[in-house]
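One structure below.
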Amino acid sequence: MTKSAVSEAVATDAETPAVSCDDLVKSFGRVEAVRGVRFAVRPGETVAVLGPNGAGKSTTVHMMLGLFPPDAGSIELFGMPPEKAVRAGRVGAMLQEGQLVPRVTVGELVGFVAGTYGSQAPAVSHTLELAQIADLAGRRVDKLSGGQMQRVRFALALAGGARLVVLDEPTAALDVESRRQLWKAMRDYAEKGNTVVFTTHYLEEADDNADRIIVIAKGKVIADGPAEEIKKAAGGRTVAFRHEDQDLDRLAGLPGVNEVRVLHGRVVLTTTDSDATVAALAGAGVPMRDLEVAGADLEDAFVALTSASAEGGAGR
Ligand SMILES: Nc1ncnc2c1ncn2[C@@H]1O[C@H](COP(=O)(O)OP(=O)(O)OP(=O)(O)O)[C@@H](O)[C@H]1O
Ligand SMILES: [Mg+2]
């Protein structure tokens, strides 16, 4: 295909999703890593893919980038097969593994990667500004701190003029200040109308940086919605006690309570204010044998969301 045909084919269309994954399935031998993942991302959205170790996040991301094909299902990026979108420079990635070439400067490395995209790539100075590392241009790649290195990898993802970046746990092992700098660069990039998809283990990181959160566990999407909605289901605290014959509808109306479930013979209330909930339960004379109040940590939340979706709930 000629260059002009490529740019025509990748003309921006606000209606076409930046990412469209349809019923993706992928196994490695007997491990079913991804078991029917489906979601779409609109241009300009920032979406977090949240899930525990082994959930299938990286496998999904690799398929999105065309690094290996799904066993079943399909993927389109800007209405194109992933390989074509990547080749056209529309999509950049920061993956979990991968070393940077040593003994060159940051500017040289970004220039080298930009060169592989031909004349459509933006100027190196523009990419360095966008990644907020203009000050590192002359520094040797092998002399950088971990946080600086991640921002260089972000610049490499942008080097072809990408309108979508896919980041697999971009802040793993970074300290607080390095995280802050990387997220600032990413949010500024997103604010220019670009699309960002990133994976994380941390609800807080997802909440702080994404418009929307997709929760994946055991190879399936178990919740998908605005951060507020996911936090309501996953965050907060739980108050649990033995299920006897409490009036569940009445419990739903108690202060702080946003969800009532019965799980393994126990009533589990998700609440934004466990003190007020317990006080109200006591005040109403509700029997609470084996009472437990716990922070809904993310692992609990995944379990809760997983069982909610398994029981036919929307999982959110
Ligand atoms: N190349 C591979 N060969 C065999 N099994 C694999 C391969 N890649 C992933 N898996 C398995 O597939 C499942 C999903 O792995 P994946 O890397 O997608 O999870 P993840 O959500 O990215 O986890 P993490 O948070 O630890 O990065 C795991 O059970 C993993 O062991
Ligand atoms: Mg991973």
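Whatever order the structure lists them in is the order used to number ligands and atoms, beginning at 1.
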Can you check whether Gly51 has an N/O within less than 3.5 Å of an N/O in ligand 1?
no
Under 4.0 Å to a heavy atom of His201 - the qualifying atoms of ligand 1, by number
24 (P), 25 (O)
Under a 4.0 Å threshold between the charged nitrogen and the carboxylate oxygen, would Lys218 count as salt-bridged to Glu32?
no
The Mg ion (ligand 2) to nearest N/O/S of Ser58 below 2.8 Å:
yes
Check each of Thr199, Val61, Thr59 against atom 16 (P) of ligand 1 and report the one with the nearest heavy atom.
Thr59
Between the side chains of Lys184 and Asp188, is the shortest nitrogen-to-carboxylate-oxygen separation below 4.0 Å, so that they form an ion pair?
yes
Has Thr271 got a side-chain atom pairing as donor or acceptor with Asp273's backbone, closer than 3.5 angstrom?
yes
Among Arg30, Glu32, Lys57, whose heavy atom sits nearest atom 20 (P) of ligand 1?
Lys57
For Gly54 and ligand 1, does the shortest N/O to N/O distance drop below 3.5 Å?
yes
Show me which atoms of ligand 1 lie under 4.0 Å from any heavy atom of Val31.
11 (C), 12 (O), 29 (O)
Pro52: numbered ligand 1 atoms lying under 4.0 Å from its heavy atoms
21 (O), 25 (O)
Salt bridge or not for Asp224 and Arg212, using N-O below 4.0 Å?
yes
Close aromatic pair by centroid cut-off 6.0 Å: Trp183 and Phe198:
yes
Which label fits His62 and Phe68: parallel for a plane angle under 30°, tilted from 30 to 60°, or perpendicular past 60°?
parallel
Right, does atom 31 (O) of ligand 1 have protein non-hydrogen atoms nearer than 4.0 Å?
no
Pair Arg179 + Glu177, salt bridge at N-O below 4.0 Å
no
Below 4.0 Å from ligand 1: does a non-hydrogen atom of Glu169 turn up there or not?
yes
Ligand 1 to Ala55, heavy atom cutoff 4.0 Å, flagged ligand atoms 19 (O), 20 (P), 21 (O)
Under 4.0 Å from a heavy atom of Ser58: which atoms of ligand 1 are those, numbered in the order shown and with their elements?
17 (O), 18 (O), 20 (P), 22 (O), 27 (O)
Heavy-atom nearest neighbour of atom 24 (P) of ligand 1 within options Ile216, Asn53, Asp168, Thr200
Asn53
Is Arg90 close enough and on-axis enough to Phe78, meaning under 6.0 Å and within 45°, for cation-pi?
yes
